[in-house]
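Report on one structure; see the data block that follows.
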Amino acid sequence: REATGTTLGWEGDLDDPIANELPDNAAILVVDEQERVMERIARALEGVGDVTFMTGGDDVAERAREKSFDLIIVSLTMKSTDGLRVCSKLRSFEETRHVPILVMVDDGNAKFLVRALEMGVNDYVVRPVDRMEFLARVKTQLKRKRYADKLWENFHVSMQLATTDAVTGLYNRHYLTTHMETQLQTAQKRGKPLSVMILDIDFFKKVNDTYGHAAGDLVLKEFANRIARNIRGVDLAARYGGEEFVVMMPDTPLDWAHMIADRLRQEVAEQFFDIGSSDGPINVTVSIGVAVAGESATPAELLDAADKALYAAKEGGRNRVVL
Ligand code: GH3
Ligand code: MG
Ligand code: MG
């Protein structure tokens with residue numbers, strides 16, 4: 001018998017326990033047209049995962065884009081359809097680009113393999129293949145997929161933790177200042193105005209003292225929601241400190257920013273905050289300082305200008321917007 005392929009694309013650390021686990025209920029798609037082969041594969045994969053069969057054609061990639069499979073097994077020697085084309089389509093769509101592909105070729109048709117490997121398929125078997133070997137290759141790909149999914153998930157969780165504030169779900173100060181740097185440069189290069197507002201809840205210490213810290217947290221959350229609802233997708237809202245927030249608004253002249261800030265201030269003052277207190281919803285007000293970036297302003301200068309305006313808003317009696 002001819003030697004079969006080596007396992008490609010394996011980058012997991014084999015000592016790492018999560019690198020050696022199979023996905024729960026793996027979803028496997030098998031593309032072949034021979035009944036007899038499909039039956040054998042179904043039997044071999046019993047207990048390994050849920051197997052879906054398709055006979056080929058362009059709908060394979062479409063199906064795989066809708067449902068995320070953990071492994072796709074494609075026969076390269078089908079009569080009515082082009083297995084290589086199926087693989088190339090799978091590799092061309094964003095949603096299916098990283099799904100492991102195991103190809104099967106019949107003995108004597110190994111010429112397809114080079115093309116398939118160049119397209120980025122992960123492993124192959126030459127038929128007739130020993131059942132145990134087939135299973136081992138399938139499992140290796142499934143473990144690799146699970147490992148990659150875990151790494152990806154961990155990456156997202158880490159990113160989330162590093163960039164967002166846990167109480168409000170808004171971005172944190174670090175994320176804001178990092179992005180303000182690039183946004184400012186873009187705005188200055190294009191000659192567009194970039195405005196910021198700093199919002200500070202009035203007498204917030206009194207909310208904590210009167211209703212407790214948990215009630216204070218509820219106010220912070222609701223306050224953050226109201227900010228988020230009043231800004232555009234391109235704007236960036238962050239929790240800057242305890243009860244201080246910053247909104248960065250690209251392409252926004254000072255008078256627009258003023259209007260947005262005042263609309264928000266008014267909504268906060270008029271719609272009382274439900275903190276589950278027996279006294280009923282409570283009145284909260286906010287003071288806002290607004291500034292627009294000058295020609296060569298740095299993030300620190302811009303924030304400082306907004307902060308000075310905020311100070312003036314507090315001095316002026318709170319519940320107001322100052323430019
Ligand atoms: P001012 O109108 O001058 O802004 O008065 P203030 O009471 O809002 O200002 P001050 O800065 O004196 O108090 C802010 C308070 O915010 C103090 C702190 O206990 C509270 N705080 C900061 N972070 C949190 C938080 O995460 N949760 C809660 N519940 N309170 C917080
Ligand atoms: Mg404060
Ligand atoms: Mg305050």
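Since this is a predicted model, take the numbers as computed values, not measurements. Atoms within each ligand, like the ligands themselves, are counted from 1 in listed order. These numbers come from the heavy atoms of this one structure, side chains and all, not from hydrogens, waters or symmetry mates.
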**Proximal ligand 1 atoms for L220, defined as those under 4.0 Å from one of its heavy atoms** = 25 (C), 26 (O), 27 (N)
**Prompt:** According to the interplanar angle, ranging from 0 to 90°, do the rings of F155 and W152 count as parallel (below 30°), tilted (30 to 60°) or perpendicular (above 60°)?
**Reply:** parallel
**Message:** Heavy-atom pairs closer than 4.0 Å: do any link ligand 1 to the side chain of V167, the backbone, both, or neither?
**Reply:** neither
**Asked** Mind checking whether L323 and I198 sit in one hydrophobic cluster, side chains of I, L, V, M, F, W, Y counted as touching below 4.5 Å?
**Response** no
**Request:** Of the side chain and backbone of R239, name the one, both, or neither that has a heavy atom under 4.0 Å from an atom of ligand 1.
**Result:** side chain
**Prompt:** Which heavy atom of the protein is the closest neighbour of atom 19 (O) of ligand 1, given with residue, atom name and distance?
**Reply:** N208 ND2, 3.6 Å
**Request:** Give the intermediate values and the outcome of salt bridge (Lys or Arg N to Asp or Glu O under 4.0 Å) for residues R146 and D149.
**Result:** CA-CA 5 Å; R146 184 181 181 276; D149 286 351; over 6 Å; no
Enumerate donor-acceptor pairs with a distance under 3.5 Å from any side-chain N or O in residues 236-247 to protein atoms, sequence neighbours excluded.
{"residue": "R239", "atom": "NE", "partner": "G241", "partner atom": "O", "Å": "3.2"}
{"residue": "R239", "atom": "NE", "partner": "G242", "partner atom": "O", "Å": "3.0"}
{"residue": "R239", "atom": "NH1", "partner": "D165", "partner atom": "OD1", "Å": "3.2"}
{"residue": "R239", "atom": "NH1", "partner": "D165", "partner atom": "OD2", "Å": "3.3"}
{"residue": "R239", "atom": "NH2", "partner": "G242", "partner atom": "O", "Å": "2.8"}
{"residue": "Y240", "atom": "OH", "partner": "R173", "partner atom": "NH2", "Å": "3.1"}

**Asked** Just by distance, with hydrogens left out, do D200 and S287 show a side-chain donor and acceptor under 3.5 Å apart?
**Response** no
**Message:** Any donor-acceptor pair under 3.5 Å linking the side-chain atoms of D202 with those of T285?
**Reply:** yes
**Prompt:** Which residue owns the protein heavy atom closest to atom 1 (P) of ligand 1, what's the atom, and how far is it?
**Reply:** K314 NZ, 3.4 Å
**Asked** Which atom names give the shortest non-hydrogen contact between M249 and A257, and what distance separates them?
**Response** CE-CB, 3.7 Å
**Request:** Among all protein heavy atoms, pick the one closest to atom 5 (O) of ligand 1 and tell me residue, atom and distance.
**Result:** F203 N, 3.4 Å
**Request:** Considering only non-hydrogen protein atoms, determine which one is nearest to atom 3 (O) of ligand 1 and report residue, atom name and distance to 0.1 Å.
**Result:** R318 NH2, 3.0 Å
**Request:** Around atom 9 (O) of ligand 1, find the nearest protein heavy atom and jot down its residue, atom name and distance.
**Result:** E243 OE1, 4.0 Å
**Prompt:** Which residue supplies the protein heavy atom nearest to atom 23 (N) of ligand 1, what is that atom called, and how far is it?
**Reply:** G242 CA, 3.3 Å
**Complete:** Checking heavy atoms under 4.0 Å, the part of D217 that sits near ligand 1 is both
**Asked** Which residue holds the protein heavy atom closest to atom 6 (P) of ligand 1, what is that atom called, and what is the gap in Å?
**Response** F204 N, 3.4 Å
**For the Mg ion (ligand 3), every protein N/O/S atom that sits closer than 2.8 Å, waters excluded** = D200 OD1, I201 O, E243 OE1
**Item:** Heavy atom of the protein closest to atom 17 (C) of ligand 1 (residue, atom name, distance)
**Value:** K205 CG, 4.3 Å
**Message:** Within the 3.5 Å criterion, strictly below it, is a donor on T252 or R232 matched to an acceptor on the partner's side chain?
**Reply:** yes
